[in-house]
Amino acid sequence: MQQYLITLLLKIGVAASIASVGVRFPAARRMLLREERTLAQRVRLSLWFAAIFTPGVLFRLFDDSYAALDLALEGSLLAGITGGYVCGWLAGMMIAIPSMFRGEILSLPFLAVVGLGGGLLRDAASDKEHIWRISPLPDANVIRIFEHRREFRAWLYYLFFTMATVVTELLRQVLGTVFGSRKLFTFARLNDPPGVLVAV
């Protein structure tokens with residue numbers, strides 16, 4: 001159990017580091033904050049996400065002790081949420097390419113669908129400002145639910161977003177259990193202790 005918790009805490013640290021470094025570039029900030037994008041801008045944004053998240057997948061593929069660096073699921077979902085369907089779909093596929101070559105054949109379709117799901121979450125927001133207030137920590141989203149008691153749509157969106165991310169991770173664990181870790185990278189299996197599954 002302790003090993004899983006350390007890995008998950010490291011993942012949060014890696015995600016925070018990537019976020020702080022990634023948005024320091026003015027071109028990246030402009031790409032992220034633009035609401036309307038041409039197809040070429042969506043492809044560039046997808047390439048940017050792939051460039052940020054693919055190295056972590058490569059490190060994990062060469063040495064399992066670097067599992068905390070693999071943020072492929074999170075990167076694909078984030079690409080869809082911030083960039084829309086096309087960006088999420090393309091970024092998910094590009095991030096999955098290294099793992100596909102190492103035999104994890106479910107990674108490409110799974111991450112492509114996760115990117116599309118991120119686009120659905122983006123479209124579900126009644127106000128696009130809600131997207132930028134989402135926290136990667138579910139408890140922070142729950143707190144925001146109670147902050148926006150008068151904004152019923154915001155409350156519903158934070159609840160929907162939190163449940164969608166939990167279901168996405170659960171789906172990855174189910175697929176990893178059914179097809180095995182050689183087909184899709186997961187941190188846990190469904191037959192692991194309940195505390196481990198809750199932590200993941």
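Any value given below was found using the heavy atoms of this structure, including those in side chains, with hydrogens, waters and symmetry copies removed.
- Pairing each heavy atom of M94 with each of T54, the nearest pair is O-OG1, 4.0 Å.
- Taking every heavy atom of both residues into account, A164 and T168 meet most closely at O-OG1, 2.7 Å.
- Counted within 6.0 Å of OH on Y85, heavy atoms from surrounding residues, nucleotides or ligands total more than 12; the atom is thus considered enclosed.
- The backbone N or O of A96 lies less than 3.5 Å from a partner atom in the side chain of S99, making a donor-acceptor pair.
- When side chains are defined from C-beta on, L121 counts as touching L77, because their heavy atoms get closer than 4.5 Å.
- Here CD1 of I81 is found 11.5 Å from CG of D123. Values are rounded to the nearest 0.5 Å.
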Could you go step by step and tell me if K183 and L106 meet the side-chain contact (heavy atoms from CB on, under 4.5 Å) rule?
CA-CA 5 Å; K183 304 293 183 199; L106 288 179; 4.0 Å; yes

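- Note: F160 CZ to L120 CG = 7.5 Å, rounded to the nearest 0.5 Å.
- Once rounded to the nearest 0.5 Å, the distance linking CD of E104 with CZ of F185 reads 8.0 Å.
- Annotation for F49 and G75: closest pair CD2-O, 4.3 Å, computed over non-hydrogen atoms.
- Atoms CG and CG, on L170 and L175 in that order, are 9.5 Å from each other to the nearest 0.5 Å.
- F110 does not carry R172 over the face of its six-membered ring by the limits of under 6.0 Å from the centre and within 45° of the normal.
- At a threshold of 4.5 Å between side-chain heavy atoms, the hydrophobic network of Ile, Leu, Val, Met, Phe, Trp and Tyr places V114 and V167 in two separate groups.
- Annotation: side chain to side chain contact (heavy atoms under 4.5 Å, CB included) contacts of R37 (sequence neighbours excluded): R34, Q41, R42, L45, R122.
- L111 and L58 are not part of a single hydrophobic cluster, where members link through side-chain heavy atoms under 4.5 Å apart.
- In this structure, I97 is not a member of the same hydrophobic cluster as L69, with clusters built from ILVMFWY side-chain heavy atoms closer than 4.5 Å.
- In this structure the side chain of L61 never reaches within 4.5 angstrom of the side chain of F101, judged on heavy atoms.
- For S46 against L90, the heavy-atom pair with the smallest separation is OG-CB, 3.5 Å.
- Proximity of M93 to L108: side-chain heavy atoms (C-beta onward) are separated by under 4.5 Å at one or more points.
- V43 is not connected to L78 by any chain of hydrophobic side-chain contacts under 4.5 Å among Ile, Leu, Val, Met, Phe, Trp and Tyr, and they are in different clusters.
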Any chance you could lay out the side-chain contact (heavy atoms from CB on, under 4.5 Å) test for F179 and I105, step after step, and finish with the verdict?
CA-CA 10 Å; F179 293 101; I105 58 172; over 6 Å; no

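- Criterion: ILVMFWY side-chain heavy atoms under 4.5 Å apart, direct or through other members. Under it, W89 and V113 are not part of a common hydrophobic cluster.
- When every heavy atom of I95 is checked against every heavy atom of A50, the shortest pair comes out as CG1-CA, 3.9 Å.
- Heavy-atom minimum distance, L184 versus S107: CD1-CA, 3.8 Å.
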